[in-house]
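What's counted below: heavy atoms across the whole structure, side chains too, no hydrogens, waters or symmetry copies.
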Amino acid sequence: MQQHVADASGVRRTKSTGTGTSAGTGAGTGAGLSELCESSDVLLGFVNTTPHGSGPVELLGDSASLTAWLTGAGLMAADAAVTRADVVAAHELRAALCTVFLSRSGCEGSADRLPEAEQYLARIAERYPLKLRITAEGCRPVPAQTGVLGAFAGLLGAAADLASRGAWLRMKICKNPTCYSGFFDRTRNTSGLYCSTACSSQAAQRAYRNRIKDASCAQAS
């Protein structure tokens, strides 16, 4: 599962609290697993900056907070210029990624929004290009630019890295409407819908209460 915490600067981060990646992710061990966690953590941290059930405060509300988050995530130098337009672009990128992750959990309305989100991500891939970095240890996509554009490209690079390791489909958002936190699905068959057993239990209890209510209404009528 994922644990959502705030550091001293107020930046909410997502930390893996499990013992490792589920079998079948193709991540391997050692450096491969470390890079997998790095890619998943930075993307989950990004989507979890949005106001939602477990974190109702907007963490990327202005240029200063966006700068703090991107530099804290290691995506950008602290002296890079960030404008209000960059904040809007960050929100758009985050919303598209959230829609993709929501769709994998079957959240209401996400399927209808998915085509638009995918089209947006296809367009901005040209705006935030990547290049390959080839070393003796392997090959990995890295930003072709610096600054905030390079930071956004770094987020796309994390997605590409996860896809190359067979782990992209494990990136989801919790189906519990009082949570909606991003999480990494560690189930063997990628069937997880909730970020924790607590959220799963809440959803089950809510469904049970709704069934009792519907049955009572049906009897009354």
Side-chain angles (χ1 to χ4, degrees), residues 1-6 11-27 36-37 39-60 69 90-121 155-156 158-159 161-163 165-217:
M1 64 182 278
Q2 303 294 329
Q3 178 183 13
H4 311 293
V5 298
V11 177
R12 188 165 65 244
R13 300 183 184 281
T14 306
K15 292 186 177 180
S16 299
T17 58
T19 57
T21 310
S22 298
T25 62
L36 173 65
C37 293
S39 293
S40 62
D41 282 353
V42 72
L43 281 176
L44 291 176
F46 183 60
V47 299
N48 284 335
T49 60
T50 191
H52 57 338
S54 63
V57 178
E58 170 62 72
L59 296 183
L60 304 180
W69 193 90
H91 290 181
E92 292 175 346
L93 175 56
R94 185 181 63 184
L97 290 171
C98 284
T99 297
V100 171
F101 297 166
L102 284 165
S103 71
R104 293 175 182 156
S105 301
C107 294
E108 184 177 357
S110 58
D112 294 334
R113 300 192 302 270
L114 183 59
E116 182 180 355
E118 291 178 330
Q119 291 171 10
Y120 170 81
L121 291 170
L155 291 166
L156 299 183
D161 183 52
L162 288 166
R165 300 172 190 277
W168 175 237
L169 294 180
R170 295 182 177 275
M171 301 291 288
K172 301 180 179 182
I173 285 181
C174 183
K175 193 174 182 179
N176 184 2
T178 63
C179 178
Y180 280 162
S181 294
F183 73 102
F184 187 91
D185 180 6
R186 297 177 181 277
T187 61
R188 287 184 177 273
N189 59 354
T190 65
S191 62
L193 301 177
Y194 303 96
C195 68
S196 66
T197 54
C199 278
S200 178
S201 296
Q202 286 180 20
Q205 292 170 6
R206 189 180 302 112
Y208 174 75
R209 289 194 297 268
N210 288 338
R211 287 196 298 270
I212 296 298
K213 181 179 180 181
D214 291 344
S216 298
C217 291

Subject >> Residue pair Tyr180 / Cys107: nearest heavy atoms and the distance that separates them >> reply: CE2-SG, 4.0 Å
Original post:
In Å, rounded to the nearest 0.5 Å, how long is the span from CD of Glu108 to NZ of Lys175?
Top reply: 10.0 Å
Subject >> Main-chain N/O of Ser181 paired with Asn48 side-chain donor or acceptor, under 3.5 Å >> reply: no
Subject >> Shortest non-hydrogen contact between Val47 and Thr50, atoms and distance >> reply: O-CG2, 3.0 Å
**OP:** Can you establish whether the number of heavy atoms outside Glu92 located under 6.0 Å from its atom CD is more than 12?
**Re:** yes
Original post:
To the nearest 0.5 Å, how far apart are CZ in Arg94 and CG in Leu60?
Top reply: 5.0 Å
**OP:** Search all heavy atoms of Glu58 against all heavy atoms of Thr49 and return the closest pair with its distance.
**Re:** OE2-O, 3.6 Å
Subject >> Thr178 versus Gln202, closest heavy-atom pair with distance >> reply: OG1-OE1, 3.3 Å
Original post:
Within the side chain of Arg170, is there an N or O that forms a donor-acceptor pair under 3.5 Å with the backbone of Thr187?
Top reply: yes
**OP:** For the residue pair Tyr194 and Cys174, establish whether any side-chain heavy-atom pair is separated by less than 4.5 Å.
**Re:** yes
Subject >> Pairwise distance CZ(Phe184) to CG(Asp41) - rounded to 0.5 angstrom >> reply: 9.5 Å
Subject >> Sidechain-backbone polar pair: Lys172 side chain, Asp185 backbone, donor-acceptor under 3.5 Å >> reply: no
**OP:** Check whether any side-chain heavy atom of Phe46 sits under 4.5 Å from a side-chain heavy atom of Leu93, and report yes or no.
**Re:** yes
Original post:
Minimum heavy-atom separation for Gly192 to Phe183, with atom names?
Top reply: O-CZ, 4.0 Å
Original post:
Atom CG of Asp161 and atom CG of Leu156: how far apart are they, to the nearest 0.5 Å?
Top reply: 12.5 Å
Original post:
Rounded to the nearest 0.5 Å, how far apart are CH2 of Trp69 and CG of Leu59?
Top reply: 10.0 Å
**OP:** Working to the nearest 0.5 Å, report the span between SG of Cys98 and CE of Met171.
**Re:** 10.5 Å
Subject >> Results of side chain to side chain contact (heavy atoms under 4.5 Å, CB included) for Ser103 - residues two or more places apart only >> reply: Ser110, Leu114
**OP:** Determine whether Thr99 and Glu116 make a side-chain contact, defined as any pair of heavy atoms from C-beta on separated by less than 4.5 Å.
**Re:** no
